[in-house]
Amino acid sequence: MAQAAAVAKPPTPPRRRRASATPRRLPYLLIAPAALLMLGFIAYPVISVFYYSLQDYNPTKPWRNGFAGFDNFVQAFTDDPLFWDTLVFSAKWVFVEVGLQLLFGLALALIVNQTFAGRALGRALVFSPWAVSGVLTSAIWVLLYNSQTGITRYLADVGIGSYGTSWLSDTGSVFWAAVVADLWRGVPFFAILILADLQSVSKDLYEAAEVDGASRIKQFWHITLPHLKDAIVLSTLLRAVWEFNNVDLLYTLTGGGPAGVTTTLPLYIANTSVDAHNFGYASALTTVAFVILLFCSIVYLRLSKFGGEDK
């Protein structure tokens, strides 16, 4: 009987082996080298800027180097009129550029979103300036604004203006000349992002609006714009940061002139560090610019309710 009971007893199931944690950690292990490199390339420069902003650091005058505390920041806010002038011009530059680029980019996106013959070619022509580098864009517009071979020469040929006129050397026209040059490359950025979001709008909404008798303007105001809200907020924020930090185009076109009227804060920082070798003061200005951009970005995102639903 005991032998029969022993035989009838079901076998003990094999113990499950504990799943190895390696497969779960494998993705993190694979991206760890790239993440560490990115952290090093980003964190080290940022920490260095904060460190040197508290120093008097000029490689050409090592006997003056040393800890300065907040003297660089005090100098920027109380004893440097160029800081305030460049900051005001930077705000003006960002406001005008981003506003015009958004306006023209939205218009182009609405146009190329329509169905018409040659739409693919039209889209390629609209988007092509964005593929051109900033330095090459500057070189193109330097040639276009050349007083001997550029636009002003041909305008003078038809009786508009005079020969030898240079828009980039005139304090009254240099700002708008630079604005037009940057618009040529910046408008496609907005057009690309807005067009991508336009194509996700359901056509049923427009059909229902037409049935209800809504005009094109009302459809745009109540359907298109609310749908594009997040794309517009994100694109304007990104472009505002890029335009604030714009150095290559203005440096190549005007060098900050004439008479310093087109010097932005980043261009002033570049001149202070590269030309004057005053890296301590330039680091302090960079820190101030970073704080300004961070504060404005947070306020803009909060006021625009980015990612939230409109009530």
Result for side chain to side chain contact (heavy atoms under 4.5 Å, CB included) between Ile140 and one of Thr137, Leu144, Leu143 points to Leu144
Specify whether Trp130 and Phe189 have parallel, tilted or perpendicular ring planes, treating 30° as the upper limit for parallel and 60° as the lower limit for perpendicular.
tilted
Report the residues that fulfil side-chain contact (heavy atoms from CB on, under 4.5 Å) with Phe50, sequence neighbours left out, ordered by chain and then residue number.
Val46, Thr287, Phe290
What pair of heavy atoms forms the shortest contact from Val241 to Ser297, and how long is it?
CG2-OG, 4.4 Å
Counting the benzene-type ring for Trp, do Tyr52 and Phe279 have ring centres under 6.0 Å apart?
no
Under a plain distance cut-off of 3.5 Å, with no hydrogens placed, do Tyr51 and Ser283 share a side-chain donor-acceptor pair?
no
Does the ring centre of Trp84 sit less than 6.0 Å away from the ring centre of Phe77?
yes
Looking only at atom types and distance, does a side-chain atom of Ser90 sit under 3.5 Å from a main-chain N or O of Leu265, one as donor and one as acceptor?
yes
What are the two closest non-hydrogen atoms of Ile232 and Ser235, and how far apart are they?
O-OG, 3.1 Å
Just by modelled atom types, is the Ser304 backbone N or O under 3.5 Å from a matching donor or acceptor in the Lys229 side chain?
yes
Check for a donor-acceptor pair, side chain of Asn72 on one end and backbone N or O of Ser53 on the other, with a separation under 3.5 Å.
yes
Can you name the residues that form a side chain to side chain donor-acceptor pair (under 3.5 Å) with Thr86, not counting sequence neighbours?
none
